Amino acid sequence: SGLQRGGPWIFLGAQGQGLFQDFCVPVLQVAVVDLNKTVGEQCQAQLDAEFGEGRSVFIQCDVTHGDALRDAFQRTVDQFGRLDIVINNAGINNEKNWEKTIQVNLTSVIKGTYLALEHMSKEYGKQGGTIINVSSMAAFLHSPHQPVYTATKHGVIGFTRAMADAAAQDDYGVRINVLCPAFVDTPLLHTVEEEDNMGKFVKFKDDFKQSMNKFGVLQPSLIAEGMMRLISDPSLNGAVMKITCAKGIHFHTYEPMSA
Ligand SMILES: NC(=O)C1=CN([C@@H]2O[C@H](COP(=O)(O)OP(=O)(O)OC[C@H]3O[C@@H](n4cnc5c(N)ncnc54)[C@H](O)[C@@H]3O)[C@@H](O)[C@H]2O)C=CC1
Ligand SMILES: CCCCCC(=O)/C=C/[C@H]1[C@H](O)CC(=O)[C@@H]1CCCCCCC(=O)O
């Protein structure tokens, strides 16, 4: 992976579970791409403080705007000379404006993966790399509270596994994996109580909160640890990493196909 070379990375969706404090990378070059200027600038300030100035850039971008997303990738490569690691992390929880949820959580992950391949795949004459697409345990345990969110997270897994097979069979030199956290202590979790986000499904919020009490809420540092493992283990491609309070970091296993 690119980790040994120390980056560069592009991290789409910056709040990103407060991940940056927890990445212990000695030589880091990272582009933080986020819609929210305040969040992006805070992330960059943290990175400056921890790793020194000049190693990171914040690019304000709505990942659902195709041209802006393409520009964000190009700016990253212009700044750092190459790209090794891409994390498609941006996500929203909006059942009222569910079309937007599909755009951010699924369509932009697909676009982000294709753009990442343009900059990293041997098919395009590039040097290889690694991609992480962020799904959710909602892809395994559904809830009446989030039907479209749940659908997008299933979609991320299906797309990622199929692309990982394509990457292996056509020798892209790029590993593509998916990460499925259970509840994580981030601002996103608070949106489940808001009618503006949940629409008519807000009535299920108490069930959802009970589920949080039952299964517990993860700290972002464990998500960072999972990402580091996906980045640094060269044997992983098409892997579906789950992270839960009960079992920590582990992998989903699929039945072999029968004839
Ligand atoms: N917090 C949780 O319990 C869980 C979160 N996840 C997933 O983890 C990922 C990160 O979520 P969190 O850090 O929890 O959420 P968050 O809300 O704290 O951070 C998400 C970031 O994405 C950015 N973003 C949203 N829409 C965007 C757009 N159109 N363009 C660019 N940036 C955009 C936001 O500004 C925010 O900074 C998401 O894909 C989410 O679905 C998965 C399982 C559980
Ligand atoms: C607002 C976004 C919150 C997203 C959190 C998330 O993705 C949660 C998904 C839940 C789904 O909607 C219903 C659930 O029960 C999911 C969480 C389940 C955690 C499972 C832990 C299982 C275990 O400990 O073995």
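Order of appearance sets the numbers: ligands from 1, and atoms from 1 within every ligand. Computation of the quantities below employed the complete heavy-atom set of this structure, encompassing side-chain atoms and omitting hydrogens, waters and symmetry-equivalent molecules. Because the structure is a prediction, the values reported are computed rather than measured. Position 1 is the first residue of the sequence; numbering continues from there.
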Smallest separation among heavy atoms of Leu106 and Gly155, with atom names: CD1-C, 3.6 Å

So does Val134 get a backbone contact from the side chain of Lys153, meaning a donor-acceptor N/O pair under 3.5 Å? yes

Near ligand 2 (heavy atom, under 4.0 angstrom), the protein residues are Asn93, Ser136, Ala138, Leu141, Ser143, Gln146, Tyr149, Ala182, Phe183, Leu188, Leu189, Thr191, Val192, Phe208, Ser211, Phe215, Thr244, Ala246

Below a 4.0 angstrom heavy-atom separation, can you tell me which part of Cys180, side chain or backbone, both or neither, approaches ligand 1? neither

As an exercise, identify every atom of ligand 1 less than 4.0 angstrom from a heavy atom of Pro187. 18 (O)

Min N/O separation Asp34 to ligand 1 under 3.5 Å: yes

Do the side-chain N and O atoms of Asp78 and Gln74 include a donor-acceptor pair separated by under 3.5 angstrom? yes

If you measure from atom 2 (C) of ligand 1 to every heavy atom of Asn93, Asn89, Val184, Asn36, which option wins on shortest distance? Val184

So do Met137 and Phe215 actually touch side chain to side chain, heavy atoms under 4.5 Å? no

Here the atoms of ligand 1 under 4.0 Å from any heavy atom belonging to Val39 are 37 (O)

Looking only at non-hydrogen atoms, find the nearest pair between Ile157 and Ser135 and report the distance. CG1-OG, 3.6 Å

With the threshold set at under 4.0 angstrom, would you say Lys153 reaches ligand 1 through any of its heavy atoms? yes

Sub-4.0 Å atoms of ligand 1 with respect to non-hydrogen atoms of Pro181: 42 (C), 43 (C), 44 (C)

Judging by distance only, is a nitrogen or oxygen of Val33 under 3.5 angstrom from one on ligand 1? no

Treating Ile, Leu, Val, Met, Phe, Trp and Tyr as nodes and any side-chain heavy-atom pair under 4.5 angstrom as an edge, say whether Val86 and Phe159 lie in one connected cluster. yes

How far apart are the closest heavy atoms of Ile223 and Pro181, and which atoms are they? CD1-CB, 3.7 Å

How about Tyr114 and Phe73: are their ring centres within less than 6.0 Å of each other? no

Ligand 1 atoms in contact with Ser135 (distance to a heavy atom under 4.0 Å): 7 (C), 42 (C)

Under 3.5 Å between any N/O of Tyr149 and any N/O of ligand 1: does that happen in this structure? yes

Please list, in number order, the atoms of ligand 1 under 4.0 Å from a heavy atom of Leu189. 3 (O)

Using heavy-atom distances only, which candidate in Ser136, Ala68, Gly91 approaches atom 20 (C) of ligand 1 most closely? Gly91

Start with the C-alpha distance between Tyr172 and Ile131, add both sets of side-chain angles, then the distance that settles side-chain contact (heavy atoms from CB on, under 4.5 Å), and finish with yes or no. CA-CA 12 Å; Tyr172 293 177; Ile131 300 171; over 6 Å; no

Just by modelled atom types, is the Arg55 backbone N or O under 3.5 Å from a matching donor or acceptor in the Gln29 side chain? no

Out of Cys61, Gly40, Ala90, who is nearest to atom 31 (C) of ligand 1 when you count heavy atoms only? Cys61

May I ask you to list the atoms of ligand 1 that are less than 4.0 angstrom from any heavy atom of Phe183? 3 (O)

Output, in order, the C-alpha distance, side-chain angles, deciding distance and verdict of side-chain contact (heavy atoms from CB on, under 4.5 Å) for Cys61 and Asp71. CA-CA 9 Å; Cys61 165; Asp71 286 351; over 6 Å; no

Output field: ring centroids Phe208/Phe201 closer than 6.0 Å: no

Considering Thr38, Ile92, Asp62, which one's heavy-atom position lies nearest to atom 25 (C) of ligand 1? Ile92

